[in-house]
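To keep things clear, I will list the structure first and then write my remarks on it.
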Amino acid sequence: METFQSLLAKKLSDALKAADLPDAGELTPASDPRFGDYQINAALVLGKQRGENPRVLAEKIVAHFDAGDLCEPPGVAGPGFINFALRPGAVGEKTMEVLRDERLGVTETESPRRIVIDFGSPNAAKPMHVGHIRSTLLGDALARIAQFLGHEVIRDNHIGDWGTQFGMVIWGWKNLLDRQALQRNPLAEIVRIYKETNHRASNEPGVREACRQELIKLQAGDKENLDIWNECVAFSMQDFERTYKVLDIHYDIQCGESFYHDRLPGVVERLLKGGIAEISEGAVVVFFRDVPELADKPLIIRKRDGGFNYATTDIATIDYRVNDLKADAIWYVVGAPQTLHFKQIFEIGRREGYRADLCHIVFGNVLGEDRKLMKTRSGENVPLRELLEEACRRARKIIDEKNPDLGEDEKNDIAATIGIGAVKYADLLQYRTTDYIFSWDKMLSLHGNTAPYLQNAYVRIRSIFRKAGNPPLKIGRLIFADAAEINLAKRLCQFAEIVPQVLNGFRPNILANYLFELANSFHTFYEACPVLKSEEPARSSRLALCDLTARVLQRGLDLLGIKVPERM
RNA sequence: GCGCCCGUAGCUCAGCCGGAUAGAGCAACGGAUUUCUAAUCCGUAGGUCGGAGGUUCGAAUCCUCCCGGGCGCGCCA
């Protein structure tokens with residue numbers, strides 16, 4: 001479906017051609033409502049290129065512009081902007097078109113790609129904590145949006161299940177394990193033995209060496225150690241799954257580090273043979289002498305002791321995703337500290353001749369309200385499950401105050417929808433690279449740009465339809481008697497313009513912001529325009545606007561991984 | 001030392017491939033409620049966009065330097 005933006009862009013292109021000018025500038029929403037709905041700076045750009053007066057050029061373009069029924073004849077303003085104001089009739093028709101469209105006007109991409117999205121990636125033998133939340137939420141949202149836009153998405157959980165920590169876990173398992181505690185809470189017991197072993201290993205050289213030996217045995221395929229490892233990983237996965245269920249996160253594949261274990265020797269051999277890697281000080285190293293930025297940043301892919309490290313694994317991972325999964329693009333949703341690492345890894349990918357589009361999608365830290373990395377009072381990472389439970393608990397408390405008559409089960413369901421939604425929305429609302437200050441009070445606030453605010457707009461609409469007995473929509477034509485109605489309609493038409501932009505720079509925050517503005521426009525409409533009490537044909541028209549608003553809110557929030565309640 | 005990221009209203013943040021008078025939310029202040037859920041709406045006030053130069057008709061945005069904060073830089077992941 002064409003958007004207003006694409007329609008205007010076409011007409012503008014025609015006008016430029018007719019005026020014997022090349023395409024230039026960018027058609028954007030008007031920076032101020034006083035300038036209309038859209039604007040373009042083409043005349044300014046062309047004026048600069050050709051050394052001509054931009055206002056004269058703008059007049060020339062406008063003279064050739066065929067507005068049709070779409071908009072008023074465009075005006076020239078300021079230094080040479082061309083402003084477009086949509087005609088109400090065109091807004092009405094476009095809104096009806098969106099109303100009839102399952103996809104709410106969003107067209108699928110013309111160049112679908114197969115995209116592997118690597119996000120989440122917790123470490124086995126440790127519970128998930130706040131440090132995993134941004135990668136998980138951001139990756140999931142990008143996956144949902146890319147999929148909706150018609151890409152083939154493979155969500156991959158690259159679990160850290162083969163690190164050196166398993167030497168300690170296995171030693172602890174053999175020497176410290178409390179079987180009963182394991183049965184009660186497996187992951188907690190694994191964490192306990194890991195911590196205790198870690199503590200002892202740093203004080204007792206004998207324990208340290210014993211752990212090293214356990215790791216070597218594991219990597220050599222020792223049956224007993226492999227069994228222990230398998231059990232630990234299984235317990236971890238169960239724990240992750242519980243959290244993923246709460247968060248409504250789903251993976252297509254979960255190829256952790258261990259999946260690549262037996263491919264590592266081949267990777268090193270190939271890179272050595274291809275001249276990409278060389279031996280230096282006993283280790284196998286890749287140098288990037290011709291890349292200024294990396295010239296003094298070599299990458300070790302096999303340690304002097306013959307062991308492999310995570311760089312080797314990541315190269316093997318690219319191999320698999322490109323050669324076996326046939327990925328056109330791989331998106332790594334991984335924190336900013338690993339920027340250098342991915343530059344190195346991607347450069348190796350290029351040297352291997354891979355054409356896939358490799359992106360490191362960085363994001364900032366989660367900070368506490370003291371502006372330092374978010375930790376518990378005792379200085380440990382905040383377990384994700386506890387954080388999510390706290391969100392639901394707080395949401396529940398507010399529901400008890402606001403709507404005490406709801407049933408117990410419904411209250412709990414709503415609390416989960418609101419609490420989890422609040423956590424997700426607060427995170428996604430912010431541009432991903434900025435550090436994010438975690439604040440319960442802000443995200444669950446009853447006021448402002450929060451998930452509950454957006455959910456409330458949806459709930460108000462559902463309430464209207466319940467009260468009206470869920471009548472079938474009578475789709476006649478829309479009536480714009482009040483400014484709030486046409487403003488809402490224009491906003492609804494913008495959904496199709498916003499969604500594709502999210503992938504340009506990986507910015508779910510622009511979708512979150514759009515949804516806030518939509519909810520805001522709706523609330524204004526809601527205050528100004530009674531729906532059920534109004535006479536026909538306004539009543540049907542307003543019901544249609546309500547219905548479409550609900551659908552856009554629901555779909556938009558769904559693209560962010562957020563659910564909506566029917567009541568709250 | 002080198003490299004990357006960040007510095008915008010009292011607070012939290014948008015805006016950053018140059019464009020019109022720099023926008024939200026919170027907090028503050030003033031209004032609106034016989035409610036289709038006030039978890040709402042309307043309004044007021046609040047800024048040398050860290051600083052200094054430069055490019056440009058035009059700079060929060062691009063370039064250089066400086067200050068301040070974070071992170072990363074060969075055998076952890």
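Set against B/A77, B/G72, B/G74, the side chain of A/Gln338 has B/A77 as its closest nucleotide. The side chain of A/Ile418 lies closest to B/A39, out of B/A39, B/G18, B/G72. Side-chain atoms of A/Ser31 lie closest to B/A20 of the nucleotides B/A77, B/G74, B/A20. Side-chain proximity of A/Glu527 to the nucleotides B/G74, B/U40, B/U12 is greatest for B/U40.
Look at A/Phe35 and the base of B/A20; the rings stack, centres closer than 5.5 Å and planes less than 30° apart.
Under a 4.0 Å N-O distance rule, the pair A/Lys375/A/Glu380 does not qualify as a salt bridge.
Within the 4.0 Å cut-off from OP1 or OP2 of B/A39, at least one side-chain nitrogen or oxygen of A/Lys402 is found. When the side-chain nitrogen and oxygen atoms of A/Asn449 are compared with OP1 and OP2 of B/A14, none of them lie within a distance under 4.0 Å. The side chain of A/Arg55 places no N or O atom within less than 4.0 Å of a non-bridging phosphate oxygen (OP1 or OP2) of B/A20. Between A/Asn520 and B/C41 there is a side-chain N or O to OP1 or OP2 distance below 4.0 Å. Contact check, A/Arg304 against B/G74: no side-chain N or O comes under 4.0 Å of OP1 or OP2. Residue A/Tyr425 places none of its side-chain N or O atoms closer than 4.0 Å to OP1 or OP2 of B/G25.
Counting distance only, with no hydrogens placed and no angle test, the side-chain atoms of A/Thr339 and the base atoms of B/G3 include no donor-acceptor pair under 3.5 Å. Residue side chain A/Arg371 does not reach the base of B/U12 through any donor-acceptor N/O pair under 3.5 Å, judged by distance alone. Residue-to-nucleotide contacts include no donor-acceptor pair under 3.5 Å from the side chain of A/Lys343 to the base of B/G72.
Residue A/Leu429 is classed as having no contact, given no heavy-atom separation below 4.0 Å to the nucleic acid. Across all strands, A/Tyr431 comes closer than 4.0 Å only to sugar-phosphate atoms, never to a base (heavy-atom distances). Within the nucleic acid shown, A/Asp314 has no heavy atom closer than 4.0 Å to any nucleic acid atom. Among the protein residues, A/Asn509 comes within range of the sugar-phosphate backbone only, with heavy atoms under 4.0 Å from sugar or phosphate atoms but none that close to a base.
Side-chain contact check for A/Ser258 and A/Asp161: at least one donor-acceptor pair (N or O, by modelled atom type) lies under 3.5 Å.
Ring geometry for A/His261 versus A/Trp162: interplanar angle of 30 to 60°, hence tilted.
Rounding to the nearest 0.5 Å gives a distance of 10.0 Å between CZ of A/Phe495 and CG of A/Leu548.
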